[in-house]
2 protein chains.
Amino acid sequence: MATHASCTLSRALLYSPSLHRHNRDSATNPPPLSFISTTNLKTTSVLARAAISRRRYLTSPEFLVRAASVNSVERTTDSELVEKSVNTIRFLAIDAVEKANSGHPGLPMGCAPLGHILFDEILRYNPKNTYWFNRDRFLLSAGHGCMLHYALLHLAGYDSIKEEDLRAFRQWGSVTPGHPENFETPGIEVTTGPLGQGIANAVGLALSEKHLAARFNRPGFEIVDHYTYVILGDGCQMEGISNEACSLAGHLGLGKLIAFYDDNHISIDGNTEIAFTESVESRFEALGWHVIWVKNGNLGYDDIRMAIKEAKAVKDKPSLIKITTTIGYGSPNKANSYSVHGSALGAKEVDATRKNLGWSHEPFHVPEDVKRHWSRHVTEGTILEAEWNAKFAEYDKKYGKEAAELRSIISGQLPADWEKALPTYTPESPADATRNLSQQCLNALAKVLPGLLGGSADLASSNMTLMKSFGDFQKDIPEERNVRFGVREHGMGAICNGIALHSPGLIPYGATFFVFTDYMRAAIRLSALSQAGVIYVMTHDSIGLGEDGPTHQPIEHLASFRAMPNILMLRPADGTETAAAYKVAVLNRKRPSILALSRQKLPQLPGTSVEGVEKGGYIISDNSSHNKPDLILIGTGSELEIAAKAADKLRKEGKTVRVVSLVSWELFDEQSDAYKESVLPDSVTARVSIEAGSTFGWQKIIGEKGKAIGIDRFGASSPASRIYKELGITVDAVTEAAKALC
Amino acid sequence: MATHASCTLSRALLYSPSLHRHNRDSATNPPPLSFISTTNLKTTSVLARAAISRRRYLTSPEFLVRAASVNSVERTTDSELVEKSVNTIRFLAIDAVEKANSGHPGLPMGCAPLGHILFDEILRYNPKNTYWFNRDRFLLSAGHGCMLHYALLHLAGYDSIKEEDLRAFRQWGSVTPGHPENFETPGIEVTTGPLGQGIANAVGLALSEKHLAARFNRPGFEIVDHYTYVILGDGCQMEGISNEACSLAGHLGLGKLIAFYDDNHISIDGNTEIAFTESVESRFEALGWHVIWVKNGNLGYDDIRMAIKEAKAVKDKPSLIKITTTIGYGSPNKANSYSVHGSALGAKEVDATRKNLGWSHEPFHVPEDVKRHWSRHVTEGTILEAEWNAKFAEYDKKYGKEAAELRSIISGQLPADWEKALPTYTPESPADATRNLSQQCLNALAKVLPGLLGGSADLASSNMTLMKSFGDFQKDIPEERNVRFGVREHGMGAICNGIALHSPGLIPYGATFFVFTDYMRAAIRLSALSQAGVIYVMTHDSIGLGEDGPTHQPIEHLASFRAMPNILMLRPADGTETAAAYKVAVLNRKRPSILALSRQKLPQLPGTSVEGVEKGGYIISDNSSHNKPDLILIGTGSELEIAAKAADKLRKEGKTVRVVSLVSWELFDEQSDAYKESVLPDSVTARVSIEAGSTFGWQKIIGEKGKAIGIDRFGASSPASRIYKELGITVDAVTEAAKALC
């Protein structure tokens, strides 16, 4: 029989089995938002009825029929039915992978017991309102095992996953793609697959919950109150991002984050012994987590239950439940081997597994008693949400201001006229670095956007990202909104994704030097893919940072993000453009934005405008008529000043010159052909671009005859003005190029 | 007084101070390649003379004069002189940062005692031959503190750092840039600055030493025998990459890796308490390291010495010496604060620090006694190398084959005709995925390139990177050449950089899915910047991977690397091109290469050639004459087949069509204008490109009138053929575009 053990003696004593038993009811039914299981319904019926009487919906005939049906389906500890349910999960995964002839059956087969317990006994959710705000969040960081999640959503009654969807696993246009995609499938919280991202997203979700709970809960009104559960595997554990995020989770004491480490000893290259022999438990204890080990994750159902209860009882630390499972459990010839990780079992082994587990059903079959057992979740979920709605209505009466603010975070509706808070600038405003102007914007927005929170990866004083009206989000003051991410860029990105995907109205920002987007690129790509409207505040955006040298000077970074789908790469040139960039970034809630900002001081340029930035590219000055300048100079960010100066010089020499700010290529691409022609007329081929970065991609803008001035080598360590001169990013270079063209 | 403590009781007992004393001589003077300090010279003079008699150089008059001078300068434990030396280091750093008005004085001031001990008492090096193969390696992972390293190289007598170089700190063209750059400054092993990279590079260097020692050492001939020392700070510790690399270092038992964790509690955002409260010691113990804590790194010189001795005595584990220091030690008003981390102290505080530390000298002054004390290192280094050369000559006599192989690794000279080992293909060769063809190349090269070693980040069986003639590099069989990196892409990249920079003839390769270059981009950029000729084997290079979906399908990656300086992005189309890509990659020892390889089967195409690939772009077929085809179709990798098929179709319809393989844009850019004109004549504007990736950048190739067929959105989960069709990467799309053009 399996045993269940804490990792340290003291903890084992503190949370002894007898204590567990004693706490059982209160742990599974914590006030005031109870987990409504049918057994609990009986004992709490007075309370439940009191809640019901308060809400019209709950007295509707429709509801009463549903509620009555609840009592007819018992939550069961009948081990035979549980095992049947677990095998249902296993075979839904096996059958789907087999039909697709592609996928990962091993994890679902091994984690089916855990999955059953989580979705049938632990998680609070409403299958009929996937996005109910106060739901527990569940993430599969080991995203390749997504058939586990799809099978569970199917059993739990989510409309998003019907049998035909399981049958369409990994096919074009299905809602059951090869890795979980939040934007494809209601019920999936975040996009996972790239290892380690999900656990870091989970930190972001748990951080959001802790923050919102501290800000909005009031005595008797625990309006924000959910757990975040995540399953991660050996692969996730090896990734640096998971250590970054988990170190921060430990520091912040995210007690409602419960991570299950599927310890199956198998990764793609075989037994993890060949590359991964560290003590994960000790590492997590070092990171400040509570650690529990369930040694028999295959059969130890009660151990799993008890571990979750223990984890929930630890309020001041996140918990890691290491759960030792057999990958591909049930497959007589492939279990516990690499071959079951990422390939279909094959018809023969599927048959053998059916025989071995006593499963005589057709593919995709859910036995009636299993179906009936799971059917109660629809009603339970409806009750859960209704109770919460009733509670929220009371809260609204008592704490109207807080309720309104929270409602805007839940709905994502921005406050009216929020953008009017953004600072405005004129050409007479003092010259300043766009990183400083960015700070003015952030501080202005902090006052009007209730969901704005974020910070820097240990460069707050360089990135200029502190919101002065708030303190630091810390373990004991999580209501504050400045997050100190530490030197953990990759973790920061994925945590921001988790925050953005927690609630539509949460607007996270993360900051570092622009060059260090290289550290977090996988997370930024997932912002773009999973439609998480994170704002990336990236300062020190060119050789203009000077002495720190080539390791710190971005060159190829602008091009690299311009090539990435569904992301806005913005490089504002002054205060007006910086404020406009923030306006764009805040409005784009399903598309992340990167703001590339200067370290060095820049003048406020005549002609820049918010409306122009919103179009991505626009004319800031022109002395031509009839859309026929002799020459077009195009710049971005800190080099727009150079373009403007060169234009002045060339105009003095009699040329008609247009200066275009191309602050966001993506936004410009989206404009009408007529607008684009009005800015960059086809007939004007004399074009010079200037940008302190790679010229890669600029041919699209300047055409075959144009000249791109940029930097196609690494930078150098030197005062900035000297590097600009040595690398030819100068007014003279522009005027010379211009003269060669017209 | 400081105390020195192991982290666990058992270890403290095992390595008690008395044991330390007992082992002192053998630890500082391990046979057979002794650390020649002057005190040791006296006791080992008979041996030393015996060695001298064997080598002509050592009997030269020049040498004897030097050797005689050695005895006149005692290695000292005179605490006054040591402190003077330490303050010299501090003020060289203070003065250089002050003169530049830019830089990081805090770390050098805090770590000067450690720096002194390492370079004066511990490290084995030859200042007059920076690249002596068997030198101990020293890395500053906290690269911003580079003035520490520059000051030490200056004192130790390296020609690369003269006083004028210190005065030119962070100036254009100096050898003392703002972060350490191996390609600028002899004596700097690797480029650091981006945090966490240096410690991971150190793992690569230590791994190289362990590998070469196991392969080449013979009884009595420890030809390969050096330590790798690295200083890392809080920032490095927070980065995920350091956990990845250190987990692998623990797994591999890299006993000659000694890392000093400069525990100064200050990072840019202030006290590390705000974001970093994990137990680093416990984490490293969990990772399988030996951990020592020196509590007084400011004054505890003997504690530092003893800790190093203890670390050296532990042969089967890497050691972490946590050394608690005060950042900016000596500055009365700024020590132990953020303000001393990354800015000049300012004239007033420099004066106050001079007063506080009793330093009355002019800026950049090295007192005579300090100078004299350090001067012995030139002679000692010469002797060290001479002894080693003598030993190597003996080894060569006895083990000629091994010596020749090792010599080629040391020199970087490739064996004659090595490239003839590469497989050849004809159009009749069976169709295959380029990842499989890559494996054939790797296995062919494994037999002829003694320095080839590498592996995959847990995807060996997908990336096809196992060298079948070798086993796995493991703790107890480090002579093998397949490295199992685990799911640690970022660590893998930085470790490969360390391997490449250990010896010119080591040719490391690292593999994962192409999309996961996002996880390791910071390390890849450093390969490019620091001229480390790593080969990145990146398979599953497009939507052609199919069902795994958009998280696994690269889109913008080709463009993102084409924009990066000093890196070769190669996308071969078949066997011939894959073999050619390997030829290019192996020959480019100062430029990394990325090979993008297909998961799916591809035909062997008529017309592909090695010579063509070496030029980056070339014609694979053409039915036109006089360099005037109606149309040019351009493809790369898996889409070259589509271009070829479209050409066949169009030719049947009477068009003259040229098909160009643009396998490497960088190589093509380097060709003469005449060659480029012969492939892509200006006069032919009807051009269609096809590539299963972003079209970003293609305008440069196809011109204003051309058509780029590509994918400017994320992919999808589905069988590959369906995605190709749905996203329009088809023969029909090419022929339609072609017909619209001509």
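First the proteins, then the strands, lettered A, B, ... as listed; each starts at 1.
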Worksheet entry | Among the listed options B:L558, B:D458, B:L252, the residue most often paired with chain A at heavy-atom distances under 4.5 Å | B:D458
Worksheet entry | Engaged part of A:S694 at the chain B interface, taking heavy atoms whose separation is under 4.5 Å | side chain
Worksheet item: Which region of A:V515, side chain (C-beta onward) or backbone (N, CA, C, O), has a non-hydrogen atom less than 4.5 Å from a non-hydrogen atom of chain B, or is it both or neither?
Response: side chain
Worksheet entry | Region of A:F276 in contact with chain B, defined by heavy-atom distances below 4.5 Å | both
Worksheet item: What residue in A:I711, A:L466, A:L195 has the most heavy-atom pairs under 4.5 Å with chain B?
Response: A:L195
Discussion item. Are there over 12 heavy-atom neighbours, none belonging to A:K475, within less than 6.0 Å of that residue's NZ?
Written reply: yes
Item to complete: Counting only heavy atoms closer than 4.5 Å, note whether A:T191 contacts chain B via side chain, backbone, both or neither.
Response: side chain
Worksheet item: Which pair of heavy atoms, one from A:R488 and one from B:M238, lies closest together, and at what distance?
Response: CG-O, 3.6 Å
Worksheet item: If you look at every heavy atom in A:G240 and B:E244, which pair is closest and at what distance?
Response: N-OE2, 2.6 Å
Worksheet entry | Atom group of A:A528 that falls short of 4.5 Å from chain B, counting heavy atoms | both
Worksheet item: Given a strict heavy-atom distance threshold of 4.5 Å, which part of A:H179 is in contact with chain B: side chain, backbone, both, or neither?
Response: both
Worksheet item: Using non-hydrogen atoms only, which part of A:E184 is less than 4.5 Å away from chain B: side chain, backbone, both, or neither?
Response: neither
Worksheet entry | Under 3.5 Å: donor-acceptor pair, side chain of B:S717, backbone of A:G178 | yes
Worksheet item: How are the rings of B:W665 and A:F696 set to each other: parallel, tilted or perpendicular (split at 30° and 60°)?
Response: tilted
Item to complete: Please round to the nearest 0.5 Å and tell me the distance separating atom CG of B:L529 and atom CZ of A:R713.
Response: 10.5 Å
Worksheet item: Taking the side chain from A:Y519 and the backbone from B:P194, do they hold a donor-acceptor pair closer than 3.5 Å?
Response: yes
Worksheet item: Measuring heavy-atom distances to chain B, does A:H144 have an atom under 4.5 Å in its side chain, in its backbone, in both, or in neither?
Response: neither
Worksheet item: So how far is it from A:D518 CG to B:H490 NE2, rounded to the nearest 0.5 Å?
Response: 8.5 Å
Item to complete: Go through the atoms of A:F169 and report whether side chain, backbone, both or neither lie under 4.5 Å from a heavy atom of chain B.
Response: neither
Worksheet item: Looking only at heavy atoms, which two atoms of A:A286 and B:S282 are closest? And how far apart?
Response: CB-CB, 3.5 Å
Discussion item. Taking every non-hydrogen pair under 4.5 Å, which of A:G193, A:G491, A:A460, A:A523 racks up the most with chain B?
Written reply: A:A460
Worksheet entry | Part of A:S267 within contact of chain B (heavy atom distance under 4.5 Å) | both
Worksheet item: To the nearest 0.5 Å, what is the distance between NZ (A:K700) and CD1 (B:I702)?
Response: 10.5 Å
Discussion item. I need the minimum non-hydrogen distance between B:D269 and A:S461, along with the two atoms involved.
Written reply: OD1-N, 3.8 Å
Worksheet item: Please walk me through it: do B:D548 and A:R170 pass side-chain contact (heavy atoms from CB on, under 4.5 Å)?
Response: CA-CA 8 Å; B:D548 273 344; A:R170 292 187 155 226; 2.7 Å; yes
Response to the item:
If one checks every heavy atom of B:F714 against chain A at 4.5 Å, the contacting part turns out to be both
Worksheet item: Top residue by heavy-atom pair count (under 4.5 Å) with chain B, among A:M520, A:H557, A:Q237, A:H104?
Response: A:H557
Worksheet entry | Pairs of heavy atoms under 4.5 Å with chain B: top-ranked of A:P550, A:G697, A:A100, A:G693 | A:P550
Item to complete: Look up atom CH2 in B:W172 and atom OG in A:S721, then write down how far apart they are to the nearest 0.5 Å.
Response: 11.5 Å
Discussion item. Please rank B:G486, B:G549, B:A522 by heavy-atom pairs under 4.5 Å with chain A and give me the top one.
Written reply: B:A522
Worksheet item: Taking every heavy-atom pair that is under 4.5 Å apart, which of B:R283, B:Q171, B:E726 has the most such pairs with chain A?
Response: B:E726
Worksheet item: chain A: which of B:E489, B:E278, B:Q197 shares the most heavy-atom pairs with it under 4.5 Å?
Response: B:E278
Item to complete: Below 4.5 Å from any heavy atom of chain B, which atoms of A:T192 appear? Answer side chain, backbone, both or neither.
Response: backbone
Fill in: B:H251 side chain to A:I274 backbone, donor-acceptor under 3.5 Å
yes
Item to complete: Tell me, for A:Q474 versus chain B, whether the close heavy atoms (under 4.5 Å) come from the side chain, the backbone, both or neither.
Response: side chain
Discussion item. Just to verify, which of A:R521, A:R562, A:R525 counts as forming a side-chain hydrogen bond (donor to acceptor under 3.5 Å, both in side chains) with B:E556?
Written reply: A:R525
Item to complete: Taking all heavy atoms of B:T551 and all of A:L526, pick out the closest pair and write down the distance.
Response: CG2-CD2, 4.0 Å
Worksheet item: Under a 4.5 Å heavy-atom cut-off, does chain B meet the side chain of A:P180, its backbone, both or neither?
Response: neither
Practice prompt. Name the option with the most non-hydrogen atom pairs under 4.5 Å to chain A; the candidates are B:L248, B:L459, B:I555, B:D712.
Written response: B:L459
Item to complete: Select, from B:Y338, B:W698, B:F485, the one with the greatest count of heavy-atom pairs under 4.5 Å involving chain A.
Response: B:Y338
Worksheet item: Taking every heavy-atom pair that is under 4.5 Å apart, which of A:E239, A:M564, A:R722, A:Q699 has the most such pairs with chain B?
Response: A:E239
Worksheet item: Shortest non-hydrogen contact from A:E547 to B:S102?
Response: CB-OG, 3.3 Å
Fill in: B:I241 CD1 to A:N243 CG distance, which is reported to the nearest 0.5 Å
13.0 Å
Discussion item. Salt bridge check, A:E704 against B:K705: does any charged N sit closer than 4.0 Å to a carboxylate O?
Written reply: no
